There are 2 protein chains.
Amino acid sequence: MADKYDSLKLDNQICFPLYAVSKEIIRKYKPFLEEIDLTYTQYIAMMVLWEDRCICVKDMGAKLFLDSGTLTPVLKTLEKKGYLTRRRSDEDERVLNVEVTEEGMKLRDRALDVPGKIGQCIALESDEAVSLYKILRKMLGQF
Amino acid sequence: MADKYDSLKLDNQICFPLYAVSKEIIRKYKPFLEEIDLTYTQYIAMMVLWEDRCICVKDMGAKLFLDSGTLTPVLKTLEKKGYLTRRRSDEDERVLNVEVTEEGMKLRDRALDVPGKIGQCIALESDEAVSLYKILRKMLGQF
DNA sequence: TAAAATTAAATTGCATACAATCTAACTATA
DNA sequence: TATAGTTAGATTGTATGCAATTTAATTTTA
């Protein structure tokens, strides 16, 4: 029954369904986020700003698990859209502070129904959602 | 305590940790997969071929949740590496059959220790791994 | 304090992802 | 059976994502 290659079967992977589910959910976000002219990456960047108002690229990267190679173009796009400003720190010129604009804060109200819409797409029992959340958070803590 | 914007906090998202954990694990794969000259996407494509030997692009896409826009260049790269052949079906010229080569099958032996190495990086209790797997599979089934 | 080391972003190069479009081939139907 | 519709892959364009490198600024250290 069991052969030495079982561990390489797609159905026995734990990472693959993680990868696939993640992509599929982000795909579900697309139509809702398009209504407020954001991509998923832009959306999570704005989430950070909606909470922190002003944060440097490094700290935002730490929260989002993204490096400057990814964040720089995303933040430049959001700046062009008028949702944030980018300004070097006065104390340390290496640091770039990203600050949400009034327009950026207004966007939050337009995003308010996105989480609910996504919740409807996922359809997990609440106990499943809780344990999924806990396990993922535990894993994130290990990185 | 609770405000109307709570649902938009990064810490209250279920998709974000899914997205972040998925990326971080794929990053963990990188050094192990580099030893056998594969990227993660190439690795899961090879996994399908190690099981099925010959499969068309559409069916592989259904298994991997990837479309031809992603798969075509991945399969062309794997063809260049000599791990598979690409040939139009005789019965239906629209269909492209992808078949693993002997060289591609040899690669499976070199990949045998990858799952174990990744398992050590993840460090989940076995009950957590089981419920994570079950929940993700259930979600995948809904797409 | 001058040189070395470190740090934060930006840049470059490569590999995905995916929507939208295109092309060729097959199928259904009037 | 001619035509409309459908299907499978490939292509195009845009947006990530990340490793590696670069640049400028700051910190450490000899």
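Since the model is a prediction, treat every value here as computed from it, not as a measurement. The sequence lines fix the lettering, A, B, ..., with proteins before strands; numbering per chain opens at 1.
Between Arg108(B) and Met105(B), the closest side-chain pair of non-hydrogen atoms falls below 4.5 Å. For the pair Arg87(A) and Leu96(A), the minimum side-chain heavy-atom distance is 4.5 Å or more. With contacts defined as side-chain heavy-atom distances shorter than 4.5 Å, the pair Val21(A)/Phe65(B) does not qualify. Annotation: side chain of Tyr83(B) is not in contact with side chain of Val100(B) (no heavy-atom distance under 4.5 Å). Met47(A) has its side chain within reach of Gln13(B): a pair of non-hydrogen atoms, C-beta onward, lies under 4.5 Å apart.
Heavy-atom distances under 4.0 Å link DNA chain D to no residue of residues 28-36 of chain A. Within residues 53-64 of chain B, no residue approaches DNA chain C, by heavy-atom distance under 4.0 Å. In the region residues 81-101 of chain A, proximity to DNA chain D at under 4.0 angstrom, judged on heavy atoms, holds for Glu91(A), Asp92(A), Glu93(A), Arg94(A).
Pairing each heavy atom of Ser68(B) with each of Pro73(B), the nearest pair is O-CD, 4.1 Å.
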Checklist entry - Which is it for Ile25(B) and Phe143(A) under the side chain to side chain contact (heavy atoms under 4.5 Å, CB included) test, yes or no, and what are the steps along the way? => result CA-CA 9 Å; Ile25(B) 295 185; Phe143(A) 300 129; 4.0 Å; yes
Checklist entry - Checking side chain to side chain contact (heavy atoms under 4.5 Å, CB included) for the pair Tyr19(A)/Lys23(A): CA distance, chi angles, key distance, verdict? => result CA-CA 6 Å; Tyr19(A) 153 89; Lys23(A) 282 190 310 150; 3.7 Å; yes
Item to check | Criterion side chain to side chain contact (heavy atoms under 4.5 Å, CB included) on Leu107(A) and Glu102(A), from CA distance to verdict | outcome: CA-CA 9 Å; Leu107(A) 196 60; Glu102(A) 209 174 306; over 6 Å; no
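Scanning for side chain to side chain contact (heavy atoms under 4.5 Å, CB included) contacts around Lys4(B) gives Asp109(A), Leu112(A), with sequence neighbours left out. Judged as a side chain to side chain contact (heavy atoms under 4.5 Å, CB included), and not counting sequence neighbours, the contacts of Thr85(A) are Glu99(A), Thr101(A).
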For residues 49-60 of chain B, run the donor-acceptor check on the side chains, cut-off 3.5 Å, and write out each pair with its distance to 0.1 Å, sequence neighbours left out.
from, atom 1, to, atom 2, distance (Å)
Trp50(B), NE1, Gly104(B), O, 2.9
Glu51(B), OE2, Leu10(A), N, 3.1

For residues 30-46 of chain A, which side-chain N or O atoms pair as donor and acceptor with protein atoms under 3.5 Å away, sequence neighbours left out?
from, atom 1, to, atom 2, distance (Å)
Thr39(A), OG1, Gln42(A), N, 3.2
Gln42(A), OE1, Thr39(A), N, 3.1
Gln42(A), OE1, Lys81(A), NZ, 3.0

Could you list the donor-acceptor pairs under 3.5 angstrom formed by side chains in residues 123-136 of chain B, with sequence neighbours left out?
from, atom 1, to, atom 2, distance (Å)
Glu128(B), OE1, Lys138(A), NZ, 2.8
Glu128(B), OE1, Glu125(B), N, 3.0
Glu128(B), OE2, Lys138(A), NZ, 3.3
Ser131(B), OG, Asp127(B), O, 3.1
Ser131(B), OG, Glu128(B), O, 3.4
Tyr133(B), OH, Asp11(A), O, 2.3
Tyr133(B), OH, Arg137(B), NE, 3.4

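Considering CZ of Arg86(B) and CD of Glu79(B), their distance stands at 5.0 Å, rounded to 0.5 Å.
For the salt bridge (Lys or Arg N to Asp or Glu O under 4.0 Å) condition, no pair includes a residue of residues 69-78 of chain A, sequence neighbours left out.
For Glu24(B) and Leu71(B), each mapped to the nucleotide of DNA chain D holding its nearest heavy atom, the one lying further toward the 5' end belongs to Leu71(B).
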Short heteroatom pairs, N/O only, protein and nucleotides 15-17 of chain C, under 3.5 Å:
from, atom 1, to, atom 2, distance (Å)
dT16(C), OP1, Thr39(B), OG1, 2.8
dT16(C), OP1, Thr41(B), OG1, 3.2
dT16(C), OP2, Gln42(B), NE2, 3.1
dT16(C), O3', Thr41(B), OG1, 3.3
dA17(C), OP2, Tyr19(A), OH, 2.7
dA17(C), OP2, Thr41(B), OG1, 3.1

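Between the axis at the start and the axis at the end of the helix from dT1(C)-dA30(D) to dA30(C)-dT1(D) there is an angle of 10°, using five pairs per end and rounding to 10 degrees.
Read 5' to 3', the first and last nucleotides of DNA chain D with an atom closer than 4.0 Å to a heavy atom of chain A are dA15(D) to dT26(D).
At distances below 3.5 Å, at least one donor-acceptor pair connects side-chain atoms of Asn12(B) with backbone N or O atoms of Asp6(B).
Note on Ser68(A): every side-chain N or O is 4.0 Å or more away from OP1 and OP2 of dA9(C).
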